[in-house]
Amino acid sequence: MRYLSTRGQAPVLDFEDVLLTGLASDGGLYLPESWPQLDADTLRAMQGMSYAQIAAKVMEPFVEGWISPDELLAMTQETYAVFDHQAVVPMVQTGDNDWLLELFHGPTFAFKDLALQLLGRLFDRALDRRGERITIVGATSGDTGSAAIAGCAGRANMDVYILFPHGRVSEVQRRQMTTVDAGNVHCIALDGTFDDCQALVKAMFNDVAFRKRISMAAVNSINWARVMAQSAYYVASAVRLGAPDRSVAYSVPSANFGAAFAGYVALQMGLPIEKFIVATNANDILHRFLETGGYRTTGVQPTLSPSMDIQVSSNFERLLFELHGRDADANARLMARLSQSGGFEVDASAHKTAQSLMASHRLDDDGIRAEIARMHGQTGYILDPHTACGTAAARSAGLDPAIPVITHGQAHPAKFPDAVASALGKKPAVPAALAAIMEKPERAIRLPNELAAVQAFILGESN
Ligand SMILES: *Cc1c(COP(=O)(O)O)cnc(C)c1O
């Protein structure tokens with residue numbers, strides 16, 4: 001498979017280059033040249049397969065020629081064996097036709113493990129082939145950093161540096177990063193905000209000499225391999241409920257739109273998906289877009305669901321490109337308008353296409369607390385504050401009751417004990433693996449919010 005940029009000015013690349021490049025050189029995002037198809041017989045044959053088998057089948061065409069089907073299957077089997085549930089992504093029924101897809105059975109208890117556990121292995125393979133090493137540098141407000149660390153810890157060909165805002169991530173989130181005992185993992189507690197962390201990572205990328213010297217790479221959600229890996233759980237859950245012979249709908253708590261776009265990929269591959277429901281918290285840029293056709297940034301508002309507190313959705317560009325019939329020039333013009341004036345409107349036909357694919361819903365903090373309490377009262381199930389946005393959105397969508405609605409369970413509630421306690425008056429039970437990190441020694445360096453200090457630390461450590 002070959003990959004092209006959503007802005008049309010970067011070279012067409014093969015899978016390995018797309019994996020290691022991340023962002024295209026024209027500022028765009030990579031997408032496969034065409035959508036491979038999963039026909040009805042192929043989907044039916046998946047009904048008895050394990051998650052690792054389904055994931056390998058879904059990803060096969062995207063990596064064809066780079067890794068053989070047998071090696072890919074061996075890799076997905078190894079990847080998903082570390083999850084703490086046999087089904088990898090088990091489902092819980094919460095209503096007549098309402099389902100929760102639990103995506104939090106990986107090492108850091110949030111859905112990002114499904115892609116990042118695989119990404120570490122894909123990186124290692126690519127770097128082995130090239131005889132190269134990379135230095136991964138990322139900023140985190142919580143979940144991405146720990147999942148990236150868990151995916152890269154102890155891998156031979158990479159060092160990983162994660163910057164987080166000192167004193168501004170939860171204790172669980174911090175300990176999930178700082179208690180990992182691996183020589184190639186380096187946590188930096190920065191005296192600053194998450195935006196400061198992100199600005200420093202950007203500045204390091206833009207310092208070409210520095211970037212080359214350390215072979216800097218990124219693991220943020222614009223990497224195509226993460227989207228590809230996430231498409232698998234759409235397919236696995238839909239075939240369990242009867243696809244291809246029955247359609248399903250998905251409610252997806254969304255921020256950078258990586259998880260939601262992975263569903264769009266599954267739809268393009270032939271999975272019968274009736275509708276996507278894009279669930280947002282008070283940071284509702286995606287909801288406003290689907291309502292009005294206008295995409296406009298506002299300031300970020302801190303909420304009870306911090307992993308959805310974002311200003312712009314980086315993966316949304318992939319959908320825009322698709323909504324405009326893959327017209328890279330039209331897409332590049334919209335993205336230029338976004339950076340110049342903070343927003344744009346799409347034309348009526350693109351807006352109509354978006355609305356035919358997706359419904360949306362916004363839930364503020366009071367709504368999140370009410371939804372956690374409602375679900376607990378009706379079923380005994382404890383939602384995390386991100387997933388609560390999803391189940392509330394699923395109910396609001398008013399779809400045909402014959403169509404199963406699958407809400408993505410994005411994180412384990414024990415990762416967000418204070419939000420849960422503010423809704424239920426009690427904290428959720430803590431799984432043993434999460435309790436264990438509360439006792440382990442922590443390792444992090446505290447650095448000032450200065451580019452030179454962070455660069456000196458990275459150069460010193462990676463020598
Ligand atoms: C990352 C994350 C999200 C947002 O997912 P996107 O792919 O960025 O849309 C939602 N909930 C949780 C718990 C997350 O960690």
Side-chain angles (χ1 to χ4, degrees), residues 29 100-117 119 138-151 164 169-170 172-173 176-177 194 198 219-231 233-234 250-266 276-287 289-290 300 303-319 358 360-363 368 372 382-393 407-417 419-420 428:
L29 276 59
L100 268 173
L101 177 62
E102 292 187 340
L103 300 171
F104 48 75
H105 290 273
T108 71
F109 298 89
F111 79 87
K112 292 188 174 70
D113 288 327
L114 281 150
L116 285 165
Q117 282 293 313
L119 196 71
T140 189
S141 55
D143 286 343
T144 305
S146 56
I149 287 171
F164 65 86
V169 298
S170 78
V172 174
Q173 287 177 322
Q176 282 189 315
M177 298 187 273
F194 170 62
Q198 220 168 16
V219 287
N220 50 16
S221 74
I222 49 107
N223 196 307
W224 163 254
R226 282 183 63 176
V227 175
M228 167 187 89
Q230 289 179 256
S231 299
Y233 57 71
Y234 285 88
Y250 286 94
S251 179
V252 188
S254 294
N256 276 321
F257 205 68
F261 190 78
Y264 176 86
V265 172
F276 296 101
I277 303 156
V278 175
T280 76
N281 64 16
N283 297 289
D284 60 352
I285 185 166
L286 292 167
H287 175 57
F289 169 76
L290 283 159
V300 179
T303 72
L304 288 174
S305 45
S307 300
M308 290 160 65
D309 292 348
I310 50 114
Q311 162 103 284
V312 285
S313 281
S314 49
N315 270 290
F316 186 66
E317 180 169 349
R318 288 190 161 110
L319 181 71
M358 297 173 188
S360 65
H361 183 257
R362 165 196 202 273
L363 198 66
I368 289 174
I372 292 173
I382 299 183
L383 296 167
D384 94 275
H386 307 80
T387 305
C389 295
T391 52
T407 299
H408 288 188
Q410 302 287 67
H412 193 289
K415 277 194 95 161
F416 303 96
V420 171

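Counting convention: from 1, in listed order, for ligands and their atoms alike. If you're wondering where the values come from, they're calculated on a predicted model, not measured in any experiment. The first residue of the sequence shown is numbered 1, and numbering continues consecutively from there.
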Classify the side-chain pair Q176/K415 by whether it contains a donor and acceptor separated by less than 3.5 Å. yes
Rounded to the nearest 0.5 Å, what's the gap from OG on S307 to CZ on F416? Could you check? 4.5 Å
What does the N/O contact table under 3.5 Å look like for ligand 1?
from	atom 1	to	atom 2	distance (Å)
ligand 1	7 (O)	G258	N	3.2
ligand 1	7 (O)	A259	N	3.0
ligand 1	8 (O)	N256	N	2.8
ligand 1	9 (O)	A255	N	2.7
ligand 1	9 (O)	N256	N	3.2
ligand 1	9 (O)	F257	N	2.9
ligand 1	15 (O)	K112	NZ	2.5
ligand 1	15 (O)	D143	OD2	2.8

Between N223 and R226, does the side-chain hydrogen bond (donor to acceptor under 3.5 Å, both in side chains) criterion hold? Intermediate values first, please. CA-CA 6 Å; N223 196 307; R226 282 183 63 176; over 6 Å; no
Listed partners of N283 passing side-chain contact (heavy atoms from CB on, under 4.5 Å), at least two apart: N281, V300, Q301, T303, D309
Test item: side-chain donor near acceptor, S305 and H386, under 3.5 Å: no
Plane angle bin for F104 and H412 - parallel if under 30°, tilted between 30 and 60°, otherwise perpendicular: perpendicular
